[in-house]
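Please read the structure below before turning to the comments.
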Amino acid sequence: MRASAESNMPRNFNYADAEHRLYDWWERNGWFKPEVAGPDAEPFVVSMPPPNVTGNLHLGHALFGALEDLMIRYERMRGKAALWLPGTDHAGIATQLQVENMLREEGVSREQVGYEEFLQRTWQWKEEQGGAITRQLRRLGASCDWDRERFTLDDGLSTAVRQAFLTLWEQGLIYRGPRLVNWSPGLQTAVSDLEVETREEQVTLYYFKYPLKDGGHIPVATTRPETILGDTALAVNPADARYAAYIGKSAIVPILGREIPVIGDDAVDMEFGTGALKVTPAHDFNDYEIAQRHQLALINVLNKDASMNAKAGKYAGADRYDCRERLWRDMAAAGLTIKTTPYTTRIPRSQRGGEVVEPLMSTQWYVRIQPLAEKALAAVRRGEIKIVPEHYEKVYFHWLENIQDWCISRQLWWGHRIPAWYREKDGDPEGEIYVGSAAPPEDGWVMEEDVLDTWFSSGLWPFSTLGWPAESDDLQRYYPTQVMETGHDILFFWVARMIMMGLWFTDKPPFHTVYLHGLVRDKHGKKFSKSLGNVIDPLTIVDKLGADPLRFTLITSGSPGNDVNLDETRVDHTFRFINKVWQITSFINMNLEGDLELGLPAVNELDLPARWILSRLQRLIANVQHLFDIYQYGEAGSQILAFMWDEFAPNYLEISKHAMYAGDESEKIATQRVLVTVQDTCLRLLHPFMPFMTEEAWRYIPHDGEALIIAAWPPADEALIDAASESRMNLLLELVRELRNVRSEYKVDPGQRITALAKARPAAAKDLEKYGFVFSRLCNVAELQLLSSEDPEPANSVSIVVSDITLYLPLEGMLDLEAESQRLENEGKRLRQQIDKTRVMLSNDNFLNKAPAAIVQRERDRLADLESAYAQVAERLSSLSR
RNA sequence: GGGCGAUUAGCUCAAUUGGAUAGAGCGUCCGGUUUACACCCGGAAGGUUAUAAGUUCGAGUCUUAUAUCGCCCACCA
């Protein structure tokens, strides 16, 4: 078919104008929707990791946006029903904190405004702020199906959450009970193990005397003296000769005077501290286990805000740290203290807010996770789900093999209320529990106030967003999804839980591949932080340079699973690459007139440069395809860039000017068709990386189809791979390189058109004769004259030797015989070294027998070339010295 | 204490069935208003691929050890 291109192409790509225009155009035409591919198309579905609904776009979002949009656009071009399903997360703690901060600025607390009002304010905040993150994703070019956008607290997802909870409850996999939990005193909620981060910190280790009832004492060390008030035993190792005799005796809790037993337990490390351990089961996980073994009492001495409670005696009401100081002073006064030493240990802090978390007894809801974990382990072990990069599978296995029951209740207001009701029985207000999708009809039932961990709803995301538990059309067509692309930091939080819940509720792996990306850091590998002042706002980059440069840079700056260090000079460089692609398009555009037949001329109508560039193009397509298949998008992008910037633009474009300006009509058209084909292919390959510029540029070359976004992904055409043309052309390009080099070395005025004389064997001579214009275009050689082998060597010339070709550049007046001899000698030495090396290799029987034939042949060819070149250099040297 | 990853040019990074002279960008130096592009073009310098041993015809790539850095997991008070 024939097609024409739009004319009047602007000199530069105006991203600011084009980005909005194109995005609207794409969306208006329904091209983000999977339906564009037709009902029989194979689906390709990615569930977007839902960002915090009130969040703002940061580079982490930009990275996942760039990667997922790349995958989606690629599969869309391959004809799949590509669905990128977007959405946002209510993000329980994070959002609640934001609203609480807002209230604090108004001078009120959450408790003061009350539950109903607080929820209303939070919804209002969500409505006001909730659009920001999705608007920002649009600016990146994210081709999501916005009609299918979901929110973890919307009605459908709330139904899914209740259904999941009820099912697990009915299966006996949810239980409620008092346990020691990680308690966040500031947030006043339980948090899961995963939400606690421990970091080494400098603290004090307090040594003191634990008085014994019968007199004397046992020395003990602790980092948290206030927990002494909750001690219910003193433990020593039965094998410890110092203390074994005291087992069975009683000790007296300092200040409080409570009597507690001295017990023996292997868990006590004789080497550490004093070798004796105070046991506080209500405030220490380790002690809790000891208490279970010895049936010790639990005494909780902390309130929910981490102040001391009535059990702490005279310290009741004091903050935990005040109590620590006061108690220590009092103990010192009583002669019970020994010493304090500085000590480095890991302190547990809340991931949100960073306050020190306290182990505290409280009643919480748990998921008995073992059965779910086993399915999730099996799915990855059997290869039904693959993790990229693969080494994360080990991490995944280790976590799931050692998984603890999941505390799913949170004492927050913003979230999914746990569908449970309590009724008073025998004086216990929670004596009866009812779990169901709605309140029981009778009077007297009070709904559970706790909400579910945000990750409970996120865990259902791949199928809840498609309509589950209803057997909706979308669920049938688009579930299971294909790739889960997300950060490795939420492998446990989210990915593992999606796998567990997906397998449990739908009996299918929710996706077949997990692609993990790393953290985006600054150019020196430092985490972005406000205090360091190194934060880079992706939208500032988008405003300044456009979305395409940011996307391409993020994708090509790292490899899967590894952190991405973002160097802003690379964004600038990509910006220039985008301009380069635009300029190539512009060149082609201005060298077309009217219609052009699309596709390539017959191979026998193609000249050497055309065969060469098309062969290179096919190799590029094949490489990119392979790299996409193994998720190496960064390398794929770099290869496209290298092809366009280092081969197509500087060489083929320049060479094509010959046919374009000096060729006959058929040469001209053939060349135009090659140019258009190569550029069309490159734009298609680049589209998933930089959708805006490529879409806009595509309009300016003749093309078939309405839009690049829905154009077909190019297949590699093996028939066009032409190794012979590549090596013939490489010879010419190598000569060009050498020529430029010599010109530069001899400081020949770049504007000066020089003459070159050549001696070559017949085959190469033919190419030199026919394609002499290559030298004219690429290194300003006005004329290339072929000499016969009988011709004398031109006097006063510099010579260039490549393979079996010698070029002579008569540089009258510039030639320094001494320097030229030196140059040739160096060249000869270099060749000699390589010849020796290659000969050694080729005389090694092991190499000849074991290396693949193609490799051996390559070395033989290389040796022939090197020897031929060496002979010419040697001859040239001897004639210079005559 | 266990596990994982990284270590390549001054800086930031590539190099995926092991195969030619280890590539880019930024920075540095030299030279250019060549009608697609100064958001450009040409040239140059810069590397014992952390160290040591091993496997192999051949190692940046595979194995082992060491060093340094980073991350994850774990109940030494």
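Keep in mind that this is a model prediction, so the values were computed, not measured. A, B, ... follow the sequence lines: proteins, then strands. Residue 1 opens every chain.
- rA22(B) atom P lies 17 Å from atom CD of Glu635(A), rounded to whole Å.
- Remark: RNA chain B forms stems of 3 or more consecutive Watson-Crick or G-U wobble pairs, all pair distances under 3.5 Å, at B:1-7 with B:67-73, B:10-13 with B:23-26, B:28-32 with B:40-44, B:50-54 with B:62-66.
- Screening residues 550-559 of chain A for salt bridge (Lys or Arg N to Asp or Glu O under 4.0 Å), with sequence neighbours left out, gives Asp69(A)-Arg551(A).
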So which protein N/O to nucleotides 41-50 of chain B N/O distances come out below 3.5 Å?
unit_1  : atom_1 : unit_2    : atom_2 : d
rC41(B) : OP1    : Lys580(A) : NZ     : 2.8
rC41(B) : OP1    : Trp645(A) : NE1    : 2.9
rG43(B) : O2'    : Ser744(A) : OG     : 3.2
rA44(B) : OP1    : Asn741(A) : ND2    : 3.0

Could you go over nucleotides 16-18 of chain B and give all protein N or O partners under 3.5 Å, atom names and distances?
unit_1  : atom_1 : unit_2    : atom_2 : d
rU16(B) : N3     : Gln632(A) : NE2    : 3.1
rU16(B) : O4     : Gln632(A) : NE2    : 2.1

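- Listed by first and then second residue, the salt bridge (Lys or Arg N to Asp or Glu O under 4.0 Å) pairs that reach into residues 282-291 of chain A are Arg224(A)-Asp284(A), sequence neighbours excluded.
- In this view, Glu195(A) and Arg410(A) satisfy the salt bridge (charged side-chain N to carboxylate O under 4.0 Å, His left out) rule, not counting sequence neighbours.
- Contacts with RNA chain B (heavy atom under 4.0 Å) in residues 6-14 of chain A: Arg11(A), Asn12(A), listed by number.
- Applying the side-chain contact (heavy atoms from CB on, under 4.5 Å) test to Asn534(A) and every residue at least two apart in sequence or in another chain returns Asp522(A), Lys526(A), Phe528(A), Ser529(A), Leu532(A).
- Listed by chain and residue number, nothing satisfies the salt bridge (charged side-chain N to carboxylate O under 4.0 Å, His left out) test with Glu783(A) (two or more places apart in sequence, or in another chain).
- Every residue two or more places apart in sequence or in another chain was checked for a ring-ring contact (aromatic ring centres under 6.0 Å, His included) with Phe285(A), and none qualifies.
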**OP:** Let me have a per-nucleotide readout for nucleotides 72-77 of chain B, 5' to 3', with B, S or -, counting only protein heavy atoms under 4.0 Å.
**Re:** SSBBBB
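- Applying the salt bridge (Lys or Arg N to Asp or Glu O under 4.0 Å) test to residues at least two apart or on different chains, none of the pairs has a partner in residues 570-584 of chain A.
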